[in-house]
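Per chain, numbering begins at 1; letters A, B, ... match sequence-line order. Since the model is a prediction, treat every value here as computed from it, not as a measurement.
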Amino acid sequence: MTHHPFRTASGGFIDRSKPVRFRFDGRDYRGFEGDTLASALLAEGVRLVGRSFKYHRPRGILSAGPEEPNALVELRSGARREPNTRATVAELFEGLEATSQNRWPSLTFDLMSVNGLFAPGLVAGFYYKTFMWPSAFWEKLYEPLIRRAAGLGRAANAEDPDHYEKAFAFCDLLVIGSGPAGLAAALAAGRSGARVILCEQDFRLGGQLLAERREIDGRPATEWLAETIAELASLDTVRLMPRTTVFGLYDHGVFGAVERVSDHLPVPPPHQPRQRGWRIYAKRSVLAAGAIERPIVFAGNDKPGVMLASAVRSYVNRFGVLPGRKAVLFTAGDEAWSTAADLSAAGAEIVAIIDSRPDANPARADLARKLGARYLAGGAVTAARGWQQLDHITVREASGAETVLPCDLLAVSNGWNPALHLTSHQNGKPVWNEAAQAFVPGDVPPGMAVAGNAAGRWTLAEALVDGDRLSREAVADLGFTPAPAARMPAIEAEATGLLPVWRVKGGRGKAFVDFQNDVTDKDVEIAAREGFRSVEHLKRYTTLGMATDQGKTSNLSGLALMAEQTGQSIAATGTTRFRPPYTPVAIGALAGHHRGRDFRSTRLSPTHEWSRQAGAVFIESGAWLRAQYYPQPGENDWLTSVNREVLAVRKGVGLCDVSTLGKIDIQGRDAATFLERVYTNGWANLPVGKARYGLMLREDGFVFDDGTTSRLGENHFLMTTTTANAERVMQHLEFCHQVLWPELDLHMASVSDQWAQAAVAGPRSRETLARLVDAPHDISNAAFPYLAVREITVAGGIPARLFRLSFSGELAYELAVPARYGDAMMAALMEEGRDFGITPYGIEALGVLRIEKGHVAGNELNGQTTARDLGLGGLMSPRKDYIGRLMATRPALTEPNRPMLAGFKPVNKADRLRAGAHFLDLSSTATMENDLGFMTSVAFSPHLGHWIGLGLIRGGTSRIGERVRAHDPVRGGDFEVEICSPVFIDPEGVRLRG
Amino acid sequence: MLISCPHCGARDSQEFAYLGAADLQRPDGLEASLAAMTDYVYLRENPAGRLRELWYHRGGCGRWLVVTRDTRNHRIEAVEPARPKGTEAGA
């Protein structure tokens with residue numbers, strides 16, 4: 001039998017037959033299945049678990065839940081190391097490794113704790129006041145030092161080896177929390193047949209019932225709990241999700257939740273994620289998240305051994321752990337009195353019960369007597385003392401006398417704060433409730449109801465009634481026939497009297513308001529004195545309520561002290577609103593599988609497999625993976641391959657995939673009219689069987705996109721767009737049709753994915769194609785001239801479309817076949833072109849060919865250029881209205897000195913041009929005022945034997961023959977270039993018409 | 001945020017693309033003044049409250065929708081097709 005020094009003999013929701021070994025700071029310990037790291041450490045007598053953020057004070061375990069500010073550890077090691085894990089919610093597993101944080105060299109001997117000796121200087125606003133100047137010191141000296149001294153653990157420095165998932169769920173009712181209110185809600189809705197999801201952040205359902213010795217209908221509440229869970233599990237419309245934190249509420253009932261699928265295992269099982277990020281769409285919700293107990297501010301209240309009373313009950317009753325053997329209870333209300341009884345029943349000595357309320361209540365006196373404890377009504381703990389852990393406390397009795405009480409556990413309770421965070425995520429403002437002495441939900445988001453403790457209704461009976469009633473109302477609202485009201489079980493009356501004590505003055509030493517950020521009562525006083533009095537300023541000036549716990553145990557004490565300083569009520573002081581997430585969420589759970597290469601989807605062209613087999617080097621181009629070039633044996637650098645591919649097109653025939661271009665099929669009586677309105681140039685007169693280059697503007701007059709559009713029939717057009725803008729153009733055209741001109745009779749559909757398309761370019765392209773095109777189709781120059789388009793068949797009956805288009809300036813065609821024939825088309829063209837030396841080329845060569853020909857592409861269509869800037873002003877029809885027509889006439893857009901497209905070649909032919917270089921006059925200095933424009937695209941032209949460029953320069957082609965400098969401060973180039981025509985090859989267009 | 005597309009049902013806003021205010025009348029580019037067209041392109045109300053705005057259901061039916069939304073709390077009052085009734089083909 002495993003022996004844990006602080007484990008009770010029996011009881012609790014742990015499996016004593018299943019010991020679990022774990023390590024903390026290099027030492028071996030044992031716990032049981034069902035333990036958290038915190039409960040197992042306490043069972044082993046480990047009470048010092050961390051050092052505080054600023055003063056490096058020894059810290060223990062304050063709570064038993066997600067609100068924990070102190071017990072933050074690094075969990076696991078290596079690539080799975082995870083900082084700031086709350087030991088209070090970390091489920092114990094075999095081989096768990098945890099390390100304390102923020103201490104050096106060791107937890108018990110921390111050199112940084114000297115910070116505490118200089119403490120008077122480390123008060124609120126310290127960083128702002130001290131590290132102001134010289135400003136250069138900030139980055140080099142102050143910040144690194146501060147970061148080393150004040151830390152919250154180390155993130156793993158290797159890639160996370162685990163997987164994360166995104167998942168989606170839909171329900172009628174989402175219940176958040178599985179305490180009595182949540183269970184009652186889930187049961188009522190489940191019985192009506194509604195789809196219910198019940199989320200519980202803990203690994204065990206039951207909420208506060210797990211931590212209390214209560215009776216329902218005269219039987220232990222745990223029996224009611226087991227029966228209720230069993231019934232819920234039997235309902236097939238109810239989904240129970242333990243280990244799932246609902247961390248945020250977004251618009252319209254969309255909740256974010258994170259399920260810790262494998263956090264309780266050493267490593268995730270095969271094919272299981274570590275965590276799953278859920279998006280839950282709920283028509284209605286019941287928030288039954290319970291409440292968080294408040295500590296009391298007094299000197300030394302952060303000493304290990306000072307613990308929330310509810311946490312003490314949780315360790316005793318749920319985990320069978322005694323957090324101490326000589327206990328004192330310090331409470332401001334009735335509710336925590338059960339702590340003393342529970343501790344006593346578990347074998348601890350109750351030294352004293354200090355109830356800050358001055359009235360000496362006979363019933364309480366009687367209970368204290370039964371427990372053998374002193375009852376100090378109207379007393380207060382002024383200080384907790386001890387070296388590294390609690391040893392004794394000093395108490396000021398109602399009479400004013402000071403007493404010293406030895407003890408190793410001090411349970412404190414100052415009432416509760418409802419866990420109403422989700423009600424605030426949609427801007428709902430919590431309101432102060434005098435009866436509950438707490439902020440309770442104010443405006444509740446649409447569709448949400450709040451039950452039990454989360455609403456500031458503190459008794460078990462209220463929780464059960466609320467959950468049942470609110471749930472039945474919600475499902476009735478959705479049209480379900482609600483189950484009859486549940487019979488309310490008999491529950492013993494509970495006293496919930498409370499008179500909060502926000503701080504005890506007079507003790508020597510620091511009194512902490514916010515444990516995690518080391519904010520003391522004095523810091524709040526300083527903030528008030530220096531004018532940072534609004535709650536938002538208080539937070540930012542003192543850091544109160546920041547970091548991983550977001551002030552779950554500290555916010556209200558801070559507000560109360562500020563209220564005291566300003567002489568206002570707490571209600572008038574107000575509270576900050578909460579934002580998601582409720583507790584920290586790993587980025588991995590939000591990203592799911594979308595990381596690395598899967599960050600976004602990668603699209604593959606229908607000819608991808610052929611290109612891969614042909615040895616292509618691929619490059620990401622927008623969403624696509626495209627063939628960049630096809631290296632041949634012996635070619636060691638990309639430029640060699642690209643030059644070969646370019647020359648093959650100029651001298652023989654080349655083959656390139658162009659399937660990624662956007663393709664939109666437009667049909668209808670008014671299709672031509674529609675094109676007239678969306679393109680700058682004319683379309684009504686385009687004959688059937690011909691293609692035309694089209695230019696599209698945005699309504700603000702700048703160029704949007706370009707492409708060729710073919711007339712396949714009288715009322716049938718096929719538009720192509722650039723690869724990058726395919727979706728945007730479709731959206732724009734649908735806008736134009738549905739919103740601007742709904743009276744036009746036409747339909748359109750994207751057919752981008754339906755066709756595989758290849759450019760066959762070069763003087764031998766006709767001969768190549770002629771071998772593939774089926775017999776009756778004549779593609780001779782006479783029958784199929786430049787810009788001809790025809791629906792044909794190839795390779796013995798495969799439907800195809802042939803376009804005589806040229807991006808390269810050579811005799812060229814584009815052949816389209818249904819996408820499934822993509823790879824086969826490429827293979828067939830290679831076969832038929834073998835005699836002519838057909839050469840596959842990638843998008844690098846495609847780019848060189850278009851720059852040699854002076855065609856604009858993405859670099860020039862950059863959203864800041866007009867048609868005139870690009871030398872395309874002639875395409876702007878004066879005879880019709882079209883999108884962008886009027887705005888393109890604005891003076892600044894027609895100003896003659898705008899940078900306009902021109903070609904550039906280096907004066908010294910050996911100079912390598914660089915895109916992005918700025919143009920300057922020969923003698924001017926490199927300033928913004930002297931800037932003439934910039935180089936947009938460059939390429940090495942194997943045809944000309946030197947680098948060439950396209951760019952935008954003031955004056956444009958009117959300055960042909962002049963010399964300017966291409967100044968490139970980024971890469972250090974500055975040399976002369978000559979302005980020339982942007983068309984470097986065959987300016988008369990003889991080749992492409994040949 | 002959920003938008004109830006009249007064709008596809010309630011869908012997450014991630015399926016939609018946003019454009020902005022609905023009900024603008026595009027001036028005729030041959031007849032309108034530059035000032036009128038400039039207003040059409042750039043000038044928008046920015047109400048704290050009810051706003052009729054255009055959304056495109058790009059991940060669904062491809063329809064442009066007019067969504068009436070309260071900008072203060074994202075509550076949606078109505079969702080209707082932007083294309084006026086009776087202009088669909090065959091109508």
| field | Shortest non-hydrogen contact between Cys5(B) and His57(B), atoms and distance | value | SG-ND1, 3.5 Å
| Residue part contacting chain B, namely of Arg698(A), when any heavy atom lies under 4.5 Å | neither
| said: With a 4.5 angstrom heavy-atom cut-off, is it the side chain or the backbone of Tyr281(A) that approaches chain B, or both, or neither? | reply: side chain
| request: Tell me, yes or no, whether the heavy-atom count around Arg595(A) atom CZ, taken from other residues, nucleotides or ligands under 6.0 Å, exceeds 12. | output: yes
| Proximity breakdown for Ala32(B) and chain A, heavy-atom pairs closer than 4.5 Å | both
| query | Relative to chain A, which of Met37(B), Gln25(B), Glu31(B) shows the most heavy atom pairs under 4.5 Å? | reply | Met37(B)
| said: Given heavy-atom pairs under 4.5 angstrom as the criterion, report whether the side chain, backbone, both or neither of Tyr250(A) touches chain B. | reply: neither
| query | Side chain, backbone, both or neither: which part of Ile883(A) has a heavy atom under 4.5 Å from chain B? | reply | both
| said: More than 12 heavy atoms of other residues, nucleotides or ligands under 6.0 Å from OH of Tyr18(B): yes or no? | reply: yes
| query | How about Asp665(A) and His747(A): does a side-chain donor come under 3.5 Å of a side-chain acceptor? | reply | no
| field | Charged N-O contact under 4.0 Å between Arg69(B) and Asp251(A) | value | no
| Option that, when pairs with chain A are counted at under 4.5 Å, heavy atom only, ranks first among Arg26(B), Arg58(B), His74(B) | Arg26(B)
